[in-house]
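For reference, the structure is listed below as structure tokens.
Quick note on labels: first sequence line is chain A, next is B, and so on, each numbered from 1.
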Amino acid sequence: MSDSASATVEVAARGSRRNGTLYRGDPGMWSWVAHRITGVLTFFFLFAHVLDTALVRVSPSAYDEIIETYKTPLVNLIEVGLVGAVLYHALNGLRVMLVDFWEKGPRYQKQMLWAIIGVWVLVMVPGAYFMMVRTVTEMFGGH
Amino acid sequence: MTLALDKPRSPRRPAARRSNFELASWLFMRISGLALIVLVLGHLFIMNILDGGVHRINFAFVAGRWSSPFWQFWDLSMLWLAEIHGGNGLRTVINDYARKDSTRFWLKMMLYVSMVLILALGSYVIFTFDPDIPAN
């Protein structure tokens with residue numbers, strides 16, 4: 001609460017990085033920015049993903065060929081990014097709904113943000129491991 | 001903190017609201033979002049993490065899944081909800097950031113055309129999937 005009060009004072013002065021008066025936003029604002037970015041990225045991926053899956057109507061070999069690219073190291077890493085983006089969007093979406101519909105939601109919005117970041121890390125650590133383990137062992141383990 | 005206004009900002013309200021479209025859109029984002037949490041996170045978990053993840057996916061894997069009406073229905077619901085949820089989100093983003101009316105109009109036209117294309121193609125593929133399609 002005191003954060004937002006001091007932020008209001010800061011923007012009243014002329015914003016600059018040097019004298020420490022630049023408005024850096026509230027975590028709630030950055031959560032909204034991240035929600036937009038992850039949503040837009042996921043939407044563009046969905047467009048590509050429906051097109052590549054549509055190759056099952058062309059031929060099994062055409063589909064198998066495109067899906068092989070999903071198994072290459074670079075695309076595999078991008079998949080981890082996609083899962084991270086979708087997971088954040090899902091968790092923050094739940095938080096937005098709690099802010100909207102739960103009477104105490106607005107009061108706990110910041111605590112809920114730290115909570116979803118914690119859940120995100122707890123899920124992404126094993127998630128990234130299972131997604132990358134085969135790629136990494138093939139690259140560095142030689143089998 | 002309460003926000004007090006000394007007087008109404010405009011002397012009278014518009015006679016009637018023209019439409020509740022934005023309210024419906026706001027509500028849709030929350031309802032579809034709840035469903036998508038289950039559908040999409042389930043999809044990502046099965047396809048990317050469970051049992052070898054992406055490395056076991058090929059045509060035969062897809063054929064095996066879509067032999068079940070359950071997964072056909074799962075994927076069809078996910079396609080429609082995700083495309084409309086994402087399209088509506090991007091519509092909001094375009095409305096927020098496009099500066100000229102003509103830019104806004106054409107960006108949204110491109111968006112709507114892509115949504116129709118993806119929904120039609122995706123539904124067509126799910127409904128007409130043929131596991132015995134010739135190999136080449």
Side-chain angles (χ1 to χ4, degrees), chain A residues 1 4-5 35-51 53-65 67-72 75-76 79-80 82-84 86-87 89-94 96-97 100-101 123 126-135 138, chain B residues 1 26 29-34 36-38 40-41 43-45 47-63 66 75 78-79 82-83 85-90 92-93 96-97 111 114-115 117-119 121-126 128-136:
Chain A
M1 305 304 131
S4 54
H35 201 75
R36 290 211 145 175
I37 293 172
T38 53
V40 171
L41 289 177
T42 305
F43 184 76
F44 285 135
F45 171 75
L46 177 62
F47 182 86
H49 187 44
V50 171
L51 293 183
T53 305
L55 288 174
V56 295
R57 283 300 287 127
V58 177
S59 78
S61 56
Y63 180 76
D64 287 350
E65 204 174 313
I67 216 72
E68 279 307 309
T69 63
Y70 276 83
K71 304 172 188 177
T72 59
V75 182
N76 199 208
E79 283 154 27
V80 177
L82 174 76
V83 169
V86 171
L87 183 63
H89 198 85
L91 290 169
N92 192 54
L94 272 179
V96 167
M97 282 185 265
D100 285 345
F101 296 121
V123 176
Y129 172 79
F130 285 115
M131 289 179 71
M132 296 294 292
V133 63
R134 180 159 160 180
T135 300
E138 276 173 5
Chain B
M1 181 180 112
W26 180 89
M29 291 309 260
R30 276 139 190 85
I31 294 169
S32 60
L34 223 43
L36 283 165
I37 287 176
V38 176
V40 174
L41 292 185
H43 177 80
L44 288 176
F45 180 72
M47 296 298 178
N48 288 292
I49 293 172
L50 199 66
D51 193 24
V54 74
H55 296 283
R56 75 201 196 288
I57 299 178
N58 57 26
F59 184 86
F61 182 84
V62 176
W66 279 349
D75 287 351
M78 185 165 62
L79 169 72
E83 187 64 28
H85 182 103
N88 195 37
L90 208 59
T92 308
V93 170
D96 278 356
Y97 299 122
L111 171 67
S114 82
M115 287 171 70
L117 176 81
I118 289 300
L119 286 172
L121 179 68
S123 306
Y124 168 81
V125 167
I126 292 174
T128 67
F129 177 72
D130 173 13
D132 302 318
I133 189 172
N136 289 297

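Residue B:I118 touches chain A through both its backbone and its side chain, counting heavy-atom pairs closer than 4.5 Å. The parts of A:R57 that come within reach of chain B are both its backbone and its side chain, each placing non-hydrogen atoms under 4.5 angstrom from that chain. Of the atoms belonging to B:V54, heavy atoms from both backbone and side chain fall under 4.5 Å from chain A. The part of A:F101 that comes within reach of chain B is its side chain, from C-beta onward, which places non-hydrogen atoms under 4.5 angstrom from that chain. Only the side chain of B:L90 comes within contact range of chain A, with at least one heavy atom under 4.5 Å from a heavy atom of that chain. Proximity to chain A is limited to the side chain of B:D96, based on heavy atoms less than 4.5 angstrom apart. Both the backbone and the side chain of A:F47 come within contact range of chain B, each with at least one heavy atom under 4.5 Å from a heavy atom of that chain. The part of B:L111 that comes within reach of chain A is its side chain, from C-beta onward, which places non-hydrogen atoms under 4.5 angstrom from that chain. Neither the backbone nor the side chain of B:L50 comes within less than 4.5 Å of any heavy atom of chain A. Using a 4.5 Å cut-off between heavy atoms, A:V96 touches chain B through its side chain atoms alone. Proximity to chain A is absent for every atom of B:M29, based on heavy atoms less than 4.5 angstrom apart.
Of the listed residues (A:A54, A:A62, A:G39), the one with the most heavy-atom contacts under 4.5 Å to chain B is A:A54. The candidate from B:L44, B:N48, B:L34, B:V40 with the greatest count of non-hydrogen atom pairs under 4.5 Å with chain A is B:N48. Here A:V56 is the residue among A:V56, A:L46, A:V40 with the most heavy-atom pairs under 4.5 Å with chain B. Per-residue heavy-atom pair counts under 4.5 Å with chain A were compared for B:T128, B:D130, B:T92, B:V93, and the maximum is reached by B:T128.
Counting non-hydrogen atoms of neighbouring residues, nucleotides and ligands closer than 6.0 angstrom, the CZ atom of A:F130 reaches no more than 12 such neighbours. The environment of OH in B:Y97 is crowded: more than 12 heavy-atom neighbours from other residues, nucleotides or ligands sit within 6.0 Å.
Separation of atoms CD (A:E68) and CG (B:N58) is listed at 8.5 Å; rounding is to 0.5 Å. Taken to the nearest 0.5 Å, the NE2 atom of A:H49 stands 7.0 Å off from the CE atom of B:M47. The CH2 atom of B:W26 lies 4.5 Å from the CG atom of A:D100; values are rounded to the nearest 0.5 Å. Distance check: A:T53 OG1 to B:I57 CD1 gives 9.0 Å after rounding to the nearest 0.5 Å. In this structure, A:L87 CG and B:I37 CD1 are separated by 9.5 Å, a value rounded to the nearest 0.5 Å. With values rounded to the nearest 0.5 angstrom, B:H85 atom NE2 is found 9.5 Å from A:T42 atom OG1.
Annotation: side chain of A:Y70 is not in contact with side chain of B:H55 (no heavy-atom distance under 4.5 Å).
In plain terms, the two heavy atoms of B:P134 and A:S59 that are nearest each other are O-CB, 3.9 Å. Summarising the geometry of B:I49 relative to A:G127, their closest heavy-atom pair is CD1-CA, 4.0 Å, with the distance given to 0.1 Å.
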